[in-house]
Structure formats: C-alpha cells, structure tokens
Amino acid sequence: MQTFHAEILKDTAGRLTYLPLPFSAREIFHQPKGTIYVQGTINGIPYRSRLLSRGSGCYIMLIDKVLQKSLGFCGLPLPVSVTMSLDAPAQPSGSPAAPSPSLSPCAMDTITAVKTRTSVRHYTDAPITPDALNTLLYAGMCAPSAKNKRPWHFLLLEDRNLLTELSDANPNARMLSGAACGIVVCGDRNIEGTNDFLCEACAAATQNILLCAHSLALGAVWCGVLPHSPWQKLLTQTLNLPPKVSPITVIALGHPVPSATSPEKAATWDSAKLHRATW
C-alpha cells in the first residue's frame, strides 16, 4: 500500500482530469508489463482505476466525473491525500497456475442443451453439490469477451435470509426465496470501460451458466437487473460491491420440482428470422 500527497489537475485542453503519481508504478508495484489496475482512497473516498503511462516512467490516474463530484473538484488544482495498491493483482509471471476445482461430469451434448433449456422457477430443498457449483462458475468464466478482457465477477449467494431479502424487493425475482442458491454476475468497468461490451460479456457468461445448469439436470432462471433501478441499488449496497462494479444479471438455481419442468421440446425453426447477405 502506497500513501502519498498529490494534486488533482486538469490538462490545458480541459479534456482530462488526472492525478500524477510521484513514483514509477511499474517498479513500485512490480508489474513489468500489462495494464496496471489500482484501488485505494482519495481523501478517504474509495476508488478503482487504471494507470496511464506518460513515458519515462511517469504515470497518471484519470479521475472520472463521479469521483470528481465526490471530491468537490471544480477545475482548479486540488491537494489530496492518496492511498494506492494493486487491484486484483495478476498471478506473477512464471508462477504455477492455481489448481482447477473438481468439476461435475455431464453427458448432455451441446445442441441438446441449447434446444431443451427452459426457465425453471420452482425448486426442491435439495442442495447443489460443491462440484456442480464449481462447474457452473467455471462455465461462466469460459464465456467470450471483447479482447478476452473477462470483465466479470461472480457472487455466489447461499444465505437464505439474503436470498429472501432480494426476492422480496423484486416481484420478478420471487423464485430466489426458494432457490438453493443464486449467482450474481457483475461487470467491472475498471476492466471494460465500454458499457455495451461489458453487458455483452456478462450476458454470454450468464447463458453459459444457464446451459451448464440444464446439462447438469438443475433448474435455473435469468433475472435481469435494470440500470439505476431500486433493485440494482439494493444489490450494490447489500453485496457491498466496490466502485465501478455493477450487478448485470442474477441467476436463481436449484433442483427443479417435477411439475416445474416442461417436456423437452425443441424450439421451432423460424425461417422468417433468417436473412442472407442483406435484409
């Protein structure tokens, strides 16, 4: 953890508001290459950001509008007290990879899972095994993302009181109260700054989890999280999400009760939805 005093400045063109660092970030944080992600506080206000190189070992941190407002920055040099450390530091180069968790086997082929998956909202009291949970989470981590940034985080919710609280706050998520667990798929804007790409990556991760759940004979349903909605605010506050991390989707999971699963029926082929070359 680095502690220092500096000034927040605005460049002469008025486009960038930034904090110059009084040290070489690569040397201090032992990051020989790649983007340096940092977190800490400025005047006691938490932040998360990336560092930009200005050459010759000089680095700056951009200050976004939300943080500017929190700090009361008005365009004039602002003296601040800063703490800074690496945010989710990458595994050191050359170190052994972390062992993969134990996963559950599955005999269902991909196209069958795609054709027969349905949303399941009613569950038994049976718990989901740790291996099955690891398999679901790993499926989410295997999703595609722009430039392979993988800007997602997964929060596994198993506390019954918490699931009930989230369920009671959203009539479209009532099934959470009876689910064995929930997975909140969060997007990290510190990793992916383009919101559309962030949502696409988290949506792909969500679909992977849904298909994996179905292939493991589990039931699941995707609960959407509207931006700036009261439920999004509740999720952010209740789950203590850090700056620049937002809940994108919530997945309810459990063993389906027999009446909750409809007969396997493939979606019909709709030629009206197909266009070749042009519309």
Side-chain angles (χ1 to χ4, degrees), residues 88 91 96-110 112-114 116-145 150-170 172-188 191 199 201-225 231 234-236 238-242 245-258 260-261:
Q91 184 170 290
S100 298
S102 179
L103 304 178
S104 294
C106 171
M108 184 180 293
D109 64 276
T110 303
T112 299
V114 170
T116 60
R117 187 210 64 80
T118 59
S119 295
V120 177
R121 296 174 172 82
H122 302 281
Y123 317 100
T124 70
D125 294 331
I128 300 176
T129 67
D131 283 3
L133 287 175
N134 287 337
T135 306
L136 294 170
L137 295 167
Y138 182 63
M141 296 176 191
C142 290
S145 60
R150 309 177 77 216
W152 45 63
H153 296 273
F154 305 96
L155 275 73
L156 180 61
L157 309 181
E158 298 179 283
D159 180 79
R160 178 59 50 205
N161 292 331
L162 177 57
L163 289 169
T164 300
E165 178 185 357
L166 297 177
S167 167
D168 291 344
N170 184 354
N172 295 315
R174 294 295 190 198
M175 73 295 295
L176 279 172
S177 61
C181 67
I183 296 176
V184 183
V185 182
C186 297
D188 191 339
I191 298 174
C199 292
C202 290
T206 300
Q207 179 72 338
N208 272 16
I209 293 172
L210 294 176
L211 290 171
C212 183
H214 179 53
S215 70
L216 295 174
L218 298 171
V221 63
W222 175 333
C223 302
V225 182
W231 203 49
L234 175 65
L235 287 164
T236 300
T238 303
L239 303 179
N240 195 30
L241 300 184
V245 172
S246 300
I248 305 298
T249 70
V250 178
I251 305 170
L253 291 152
H255 292 271
V257 298
T261 55

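Predicted model, so just to flag it, every value in this text is computed and none were measured.
Within 6.0 Å of atom CZ in F154, more than 12 heavy atoms from other residues, nucleotides or ligands are found, so the atom counts as buried in its surroundings. Heavy-atom neighbours of D159 CG from other residues, nucleotides or ligands within 6.0 Å: above the threshold of 12.
Distance check, rounded to the nearest 0.5 Å: CZ of R117 to CE of M108 gives 12.0 Å. We find the CG-OH distance between L253 and Y123 to be 7.0 Å, quoted to the nearest 0.5 Å. One distance of note links CG of L136 with CD1 of I251; it measures 8.5 Å at 0.5 Å rounding. The OG atom of S177 lies 12.0 Å from the CG atom of L162; values are rounded to the nearest 0.5 Å. In this structure, T112 OG1 and H214 NE2 are separated by 8.0 Å, a value rounded to the nearest 0.5 Å. From N134, atom CG reaches atom OG of S102 across 7.0 Å, with rounding to the nearest 0.5 Å.
Considering all non-hydrogen atoms of both residues, V120 and G219 come closest at CB-CA, 3.7 Å. Heavy-atom minimum distance, G182 versus L176: CA-CD2, 4.5 Å. The shortest heavy-atom contact between L211 and A113 is CD2-O, 3.7 Å. When all heavy atoms are compared, the tightest approach of R160 to A179 is NH2-O, 2.7 Å. Between G187 and C202 the shortest heavy-atom distance is CA-SG, 3.7 Å. The minimum heavy-atom distance linking R121 with M175 is given by the pair O-CB, 3.3 Å.
The shortest side-chain heavy-atom distance between R174 and D168 falls under the 4.5 Å cut-off. Side-chain contact between L234 and E165 is present, with at least one heavy-atom pair separated by less than 4.5 Å. P247 has its side chain within reach of T236: a pair of non-hydrogen atoms, C-beta onward, lies under 4.5 Å apart. You'll find the side chain of T206 stays beyond 4.5 Å of the side chain of W152, heavy atoms only. Side-chain contact between P127 and E158 is absent, with no heavy atoms from C-beta onward closer than 4.5 Å. Contact annotation: the side chain of V250 never approaches that of N170 to less than 4.5 Å [non-hydrogen atoms, C-beta and beyond]. By the 4.5 Å heavy-atom criterion applied to side chains, T135 and C212 are counted as neighbours.
A donor-acceptor distance shorter than 3.5 angstrom exists from the side chain of R150 to the backbone of M141, with no hydrogens or angles considered. S167 places no side-chain N or O within donor-acceptor distance of the main-chain N or O of L163, the cut-off being under 3.5 Å. Looking only at distances, a side-chain donor or acceptor of W231 sits under 3.5 Å from a matching main-chain atom of L166.
Donor-acceptor pairing under 3.5 Å is lacking for the side chains of S104 and D131.
Exactly one residue among L241, N240, I183 makes a side chain to side chain contact (heavy atoms under 4.5 Å, CB included) with L155. That residue is L241.
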